[in-house]
Each structure stands twice: as structure tokens, then as C-alpha cells.
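Structure first, then comments.
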Amino acid sequence: MSAIRVGVVKEVAPGERRVALTPDVIAKLAGAGLEVLIESGAGTAAWFLDDDYAAAGARVVPSEILYGEADVLLGVGRPDLERVRSGQVVIGLLGPLLEPDLMARLARRGITAVSLDGLPRTLTRAQGMDALSSQANVAGYKSVLVAAEHFDRFFPLLITAAGTSKPAAVLVLGIGVAGLQAIGTARRLGAVVSAYDVRPNTRDEARSLGAKFIELSSIGSAAGEGGYARALTPEEQAAQQAELAGHIARHDVVITTAQVPGRRPPELVTAEALGAMKPGSVLVDMGSSALGGNVAGSRPGETVVTEGGVTIVGAGSLASDMATSASAAYARNMAALLLHLVVDAALVIDPTDEIQAGVVITHGGAVVQPATAALLGGTQG
Ligand code: NAD
């Protein structure tokens, strides 16, 4: 039996610098009976060169050979789906809940789609595959550096012969994986940090990293399923926005990370709240996407300065901006998933396995993942 060929595509999304495998994981995959193909130049933007992959035992090939010969196509985002053919497996962060119709089309074309964003993240044995966490961790760190770069004052308390500068007051909204890393990083830079989340059990986590937890009196817990937040009702959202506005105005830097699975990010900072901030304040909106973000007026990939002198950074893709660390972590997640899917050098798709039930979105001509199928109104062929 010939070895399974896994092919790492060069990412096709504009501005995406990450790569799905790094040279250091190739030997382990080869040991499990996989042959690794790398599309020439796939790692270059993350500083992993073709020669590094070749030295690690991968075969560096042009695009046509990669799409033509690979049994499994690996990406960070989606590969060029037009070039994927029936029988091939695609693995990446495919965003099935945001585009269920696309998943149904892949199923009809006989493509098996496996998406790391469907992983059951609370399962201990799945943690090494948790790409959402690894990428959020990188992005949370980077968000603070981006904020510091745009903020025209020191973050730490500094006492010098030229006077004393008071520390920056940083507010982190959304205390998931990215928010916790942002709190830790801002603290390490010497800022005074406050944080808020709709899930009350984030309070102790934020405090343990040295942040002050902000309690809102106008809304209660909005903890949802699986450790995520639920969407707020319009009344809750309005109350939250109004009460948060006063806190936001007292901070110099606001980093927003709030997400609700499968939905557009909630707006936490309204235009009115922005209007009350001091000139020179900085917001980094990690929820920023084409659908909108956590901050009114933020634009993905752009930095805008309001008439009131507030800088808003639309920063929905910060992991890609730190492509080396992000790719290294993602590659370990991807390798762990591949090793889970491979039994005796063969790829075994088994949706009855708890991990596979989450990540296998389409197989055998149907949308098999329950959450995606539910959005389509049942199992789709
Ligand atoms: P996420 O990216 O989905 O959201 C980020 C944060 O935004 C969350 O903490 C969420 O509560 C918050 N949020 C959403 N709407 C909000 C609103 N209107 N106002 C304020 N905050 C709002 O979250 P994530 O970082 O992917 O993590 C989600 C959960 O999954 C956390 O509980 C995390 O600890 C858990 N998790 C567990 C494991 C594990 O058990 N191994 C692994 C990863 C994540």
C-alpha cells in the first residue's frame, strides 16, 4: 500500500502569512507512514523556507502536483477549493458554521472536509489539537504589542529625572484564551489592567493574572454551552453597552476579544462610548471582521482615527501577523490531529469517534457534523 500523501498548500487568503506545517513536525508524520508534500513557497512568509522542509524530509512541489497528488490537503484557512477534487480530504480552519452552504457544496462534490474549529475543546485528549486556542493565544499577545505601538505614552509607571509617567490603564473585554493572554502581556509591560466578560467564572482567572474584574450591575451571567458565551438579547446588549461606556471612557487602551460561536461578534463599544474616550486612546478590535466587530466603526485590517482622536485598529487576523509562532503552534495542532486520524498508516474517518464527530464536517457525500447539518436543516447530501 502506498503512503498517504498529505500536501501543505500555500495559503490563498489575502494577507495570510501562516503555514499549516512547519519543518519540525515532518519527521513525526513520516514516522507514522505519511509522505509530506509542500507547495513551493508555502512557508516563506512565515520564514520557513523550501530548503528547510526538504532537509526535514518533505517533498517540495509546484502547486499543480500538490493539488493533483495529495490525498489530504492541509491549510490554515481553506485551500483553493476549485482545485480540490472528489475523494480528497481537506483539513484546516474552514469556518463551517459561518458558511454551511459551502460545506454542503463540498459534500456534494465528494470532498471530505475536516475543520479544526469544530474540535470538542474541553476534551482533555483533544487539547494538543486545539488550534483555536493556540491561535487566540498568539493573537492575544500580539494585540497588546499593537496597542502599545499606537499608544503615544509609556505602558509602565516610569520615574525619571524628566518626571513621572503614570501607567497606562488597559481594559480587556472578553476573557477567553486571547483575553487572558492580553491581560498577562499588558501586565508584563507594566500597565494597570481591568477586564470584563459575560461569563462570571472568568473573574478568578482574570484576577489571578493581576487584572481587576469589572462587574456590571445591569446584566447577569450569559454563560452558554461548552464554556462559550451565549448571544445577548437586544435589551441585555443595550444595557451592557450603556454600562460599559463609563468604564471604557476611564481607560487609555481597550482590547476587545468577544466572540459568540457561529455569529457576528457582539458590539461592545458603541459610537457614543468612543465619543467619550480621551484623545490619544487606542482600541484594538480583535473581533473585527467583514461582518462587523466589537467596536463601532472598526474596519478589518485597517487603522482609523476618529474625529475625537481615538485610534481604532481592526485586528481580526493578528495570529497571521506573528506568523512564525502561530504556524509553529498550528503545525503541532495539525500533526496531533493527523496522528489521531491515521491508524496503521491509513487515514480512518470515523464520525463515531468523539473528536472526529466535531471536526469531520463532510464525508461520504453528506454534511455529517451535527452543528453544521442543523444550520442546513438536517443532514444534507
Ligand atoms: P471566544 O473566542 O469564543 O470568545 C472570547 C470571549 O468573549 C469569551 O470569554 C466570551 O465569554 C466573551 N464574550 C462573548 N460575548 C461577550 C459579550 N457580549 N460581552 C463580554 N464578553 C463576551 O472564547 P475562547 O477564547 O475560544 O474560549 C471560550 C471558552 O472555551 C473559555 O471558557 C475557555 O476557557 C474555554 N476553553 C476551554 C478549553 C479546555 O477546556 N481545554 C480550551 C479552550 C477554551
Does some side-chain heavy atom of [Y] sit less than 4.5 Å from a side-chain heavy atom of [X]?
| X | Y | answer |
| --- | --- | --- |
| L189 | V144 | yes |
| L29 | L339 | yes |
| S221 | V198 | no |
| V269 | L244 | no |
| P300 | S289 | no |
| L173 | I255 | no |
| T257 | V177 | no |
| M334 | I91 | yes |

Y330 reachable from L94 in the ILVMFWY side-chain graph, under 4.5 Å edges:
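L94 does not cluster with Y330.
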Should we say atom [atom1] of [X] is surrounded by more than 12 heavy atoms from elsewhere, each under 6.0 Å from it?
| X | atom1 | result |
| --- | --- | --- |
| F154 | CZ | no |
| K278 | NZ | yes |
| E215 | CD | yes |
| R199 | CZ | yes |
| R83 | CZ | yes |
| F151 | CZ | yes |

Locate the shortest heavy-atom distance separating [X] from [Y]; write the atom from each residue and the value.
| X | Y | result |
| --- | --- | --- |
| L232 | I219 | CD1-CD1, 4.2 Å |
| P265 | N294 | CB-ND2, 3.6 Å |
| A315 | S288 | N-CB, 3.7 Å |
| I4 | L347 | CD1-N, 3.2 Å |
| L375 | L97 | CD1-O, 3.4 Å |

Given the rule in the salt bridge (Lys or Arg N to Asp or Glu O under 4.0 Å) test, do D130 and R121 qualify, once you have shown the distances and angles that lead to the verdict?
CA-CA 6 Å; D130 188 351; R121 299 168 74 196; 3.2 Å; yes
Please check this pair: side chain of [X] against backbone of [Y], looking for a donor-acceptor N/O pair closer than 3.5 Å.
| X | Y | answer |
| --- | --- | --- |
| S208 | E205 | yes |
| Q181 | A178 | no |
| D353 | D350 | no |
| Y67 | D80 | yes |
| D117 | G95 | yes |
| Y53 | L21 | yes |
| D252 | A169 | yes |
| T362 | A366 | no |

Exactly one of L283, V313, V253 should register a side-chain contact (heavy atoms from CB on, under 4.5 Å) with H150. Which one does?
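Answer after filtering L283, V313, V253: V313.
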Salt-bridge test for [X] and [Y]: reply yes if a basic N is under 4.0 Å from a carboxylate O, no otherwise.
| X | Y | answer |
| --- | --- | --- |
| K142 | E149 | no |
| E225 | R230 | no |
| E35 | R59 | yes |
| R17 | D321 | no |
| E16 | R18 | yes |

Can you check side chain to side chain contact (heavy atoms under 4.5 Å, CB included) on L74 and V72, steps first, answer last?
CA-CA 6 Å; L74 308 180; V72 183; 3.7 Å; yes
Short side-chain donor-acceptor distance under 3.5 Å, H251 and S281
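No, no side-chain donor-acceptor contact under 3.5 Å.
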Polar side chain donor-acceptor pair, H363 to T112, under 3.5 angstrom:
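A pair is found: one side chain offers a donor N or O, the other an acceptor, under 3.5 Å apart.
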Just do the side chain to side chain contact (heavy atoms under 4.5 Å, CB included) check on L209 and R187 with the steps written out, would you?
CA-CA 8 Å; L209 289 172; R187 291 274 298 146; 5.7 Å; no
Testing E243, Q240, E236, E235 one by one against S218 for a side chain to side chain donor-acceptor pair (under 3.5 Å), which residue passes?
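The single option meeting the side chain to side chain donor-acceptor pair (under 3.5 Å) with S218 is E243.
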